[in-house]
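Note sheet for the following structure.
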Amino acid sequence: MSAGICIIAHEPLASALKSCARHIFSATGDTFCDSIAVFDVPCDVDAEQGEAEARRLISNFPANQDVLVFTDVLGATPSNIAHRLLDNPQVRVITGVNLPALITALSHHEECAARIAVIAEGAARGGISTSCGKPSAIKDTVNAD
């Protein structure tokens, strides 16, 4: 049994992440990313209407299927909507979605939801890096003034 995937994020991030996933997986012929449910939350969404839309989306998955709900910013409206879904024992919410997390989840979609959540979170964290230029280039810029 594979886990379903739903993205609830600030408009247009959910759709953009799904589009990126389609782009990446188009080379492999894997079409699982087509089944991702997305909710691009507009800035003026009513919380109850947003929750109703999110529940409608996850109701499209089979009743016995676990659903991973990815959301963007903890404490923001999309995250609050996603967390309201936790009264459903089939739902797990992962906050802080990025493309590495989503691609990893899709690559492991046949595993159990608990395992996917752990590896997706690790991929999200592992996909973040800070880089800077050469120290001499920075020094030259500072001294140029």
Side-chain angles (χ1 to χ4, degrees), residues 1-135 137-138 141-142 144:
M1 163 79 55
S2 62
I5 295 178
C6 177
I7 306 170
I8 301 174
H10 289 90
E11 182 179 46
L13 184 57
S15 293
L17 286 168
K18 181 176 180 175
S19 180
C20 287
R22 281 184 170 150
H23 172 78
I24 291 166
F25 283 96
S26 66
T28 67
D30 187 348
T31 59
F32 183 74
C33 57
D34 292 338
S35 67
I36 298 171
V38 297
F39 180 17
D40 287 308
V41 179
C43 62
D44 60 348
V45 71
D46 172 75
E48 285 71 34
Q49 290 174 336
E51 180 182 354
E53 174 62 13
R55 289 190 186 282
R56 185 192 67 74
L57 282 174
I58 66 168
S59 73
N60 290 322
F61 292 104
N64 63 341
Q65 185 178 35
D66 287 334
V67 179
L68 295 172
V69 178
F70 288 90
T71 188
D72 50 6
V73 180
L74 183 63
T77 301
S79 174
N80 293 339
I81 291 169
H83 281 86
R84 289 180 175 198
L85 304 175
L86 289 173
D87 61 348
N88 179 336
Q90 302 298 124
V91 171
R92 290 178 182 268
V93 175
I94 303 168
T95 306
V97 66
N98 61 16
L99 196 53
L102 182 59
I103 297 307
T104 298
L106 289 166
S107 297
H108 295 273
H109 72 269
E110 292 295 331
E111 296 187 39
C112 73
R115 173 85 176 119
I116 296 169
V118 168
I119 60 176
E121 182 179 339
R125 293 174 192 275
I128 298 170
S129 174
T130 300
S131 301
C132 62
K134 296 179 186 176
I138 294 170
T141 303
V142 171

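One is the number of the first residue; the rest follow in order along the sequence.
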Checklist line | Side chain to side chain, Phe70 and Leu17, heavy atoms closer than 4.5 Å | finding: no

Check: Which pair of non-hydrogen atoms, one from Gln65 and one from Gly4, has the smallest distance, and what is that distance?
Finding: NE2-N, 3.4 Å

Note to self: Is it true that, when you exclude Arg125 itself, more than 12 heavy atoms of the residues, nucleotides or ligands shown sit nearer than 6.0 Å to its CZ?
What the structure shows: no

Next item on the list: Give a yes or no on whether the backbone of Phe25 and the side-chain of Asp30 come within a donor-acceptor separation of less than 3.5 Å.
Entry: no

Check: Does the side chain of Leu74 come within less than 4.5 Å of His83's, by heavy atoms?
Finding: yes

Notebook entry, point to check: Got a donor-acceptor contact below 3.5 angstrom from the Thr71 side chain to the Ile8 backbone?
Noted result: yes

Notebook entry, point to check: Which heavy-atom pair separates Asp72 from Thr95 by the least distance, and what is that distance?
Noted result: O-CG2, 3.8 Å

Margin query: To check you understand the geometry: which heavy-atom pair defines the closest contact between Gln90 and Asn88, and what is its length?
Written below: N-OD1, 2.7 Å

Margin query: I need the single residue from Asn60, Val67, Val38, Leu68 that forms a side chain to side chain contact (heavy atoms under 4.5 Å, CB included) with Cys6. Which is it?
Written below: Val67

Check: Does a salt bridge link Arg55 with Asp87, judged by any charged N lying under 4.0 Å from a carboxylate O?
Finding: yes

Notebook entry, point to check: Under the 3.5 angstrom rule, does the side chain of Asp40 hit a backbone N or O of Ala14 as a donor-acceptor pair?
Noted result: yes

Checklist line | CD1-SG distance between Ile103 and Cys20, expressed to the nearest 0.5 angstrom | finding: 8.0 Å

Next item on the list: With side chain to side chain donor-acceptor pair (under 3.5 Å) as the test, would you mind laying out the steps for Ser19 and His23 before giving the verdict?
Entry: CA-CA 6 Å; Ser19 180; His23 172 78; over 6 Å; no

Margin query: Is it the case that the side chain of Asp66 and the backbone of Arg92 share a donor-acceptor pair, with hydrogens and angles ignored and the cut-off at 3.5 Å?
Written below: no

Margin query: Using only atom types and a distance under 3.5 Å, with no angle test, would you say the side chain of Asn98 pairs donor to acceptor with the backbone of Ala124?
Written below: yes

Check: So, for Ala21 and Leu106, which heavy atoms are closest and what is the spacing to 0.1 Å?
Finding: CB-CD1, 3.6 Å

Checklist line | Gap between atom CZ of Arg84 and atom CD of Glu48 - 0.5 Å precision | finding: 5.5 Å

Notebook entry, point to check: Out of curiosity, Phe32 CZ to His109 NE2, how far, rounded to the nearest 0.5 Å?
Noted result: 4.5 Å

Next item on the list: Could you tell me whether the side chain of Lys18 and the main chain of Asp34 form a donor-acceptor pair under 3.5 Å?
Entry: yes

Check: Checking Asn80 side chain against Gly75 main chain: does a donor-acceptor pair fall under 3.5 Å?
Finding: yes

Margin query: Is there a side-chain contact between Ile94 and Ile116 in this structure, where contact means two heavy atoms from C-beta onward sitting under 4.5 Å apart?
Written below: no

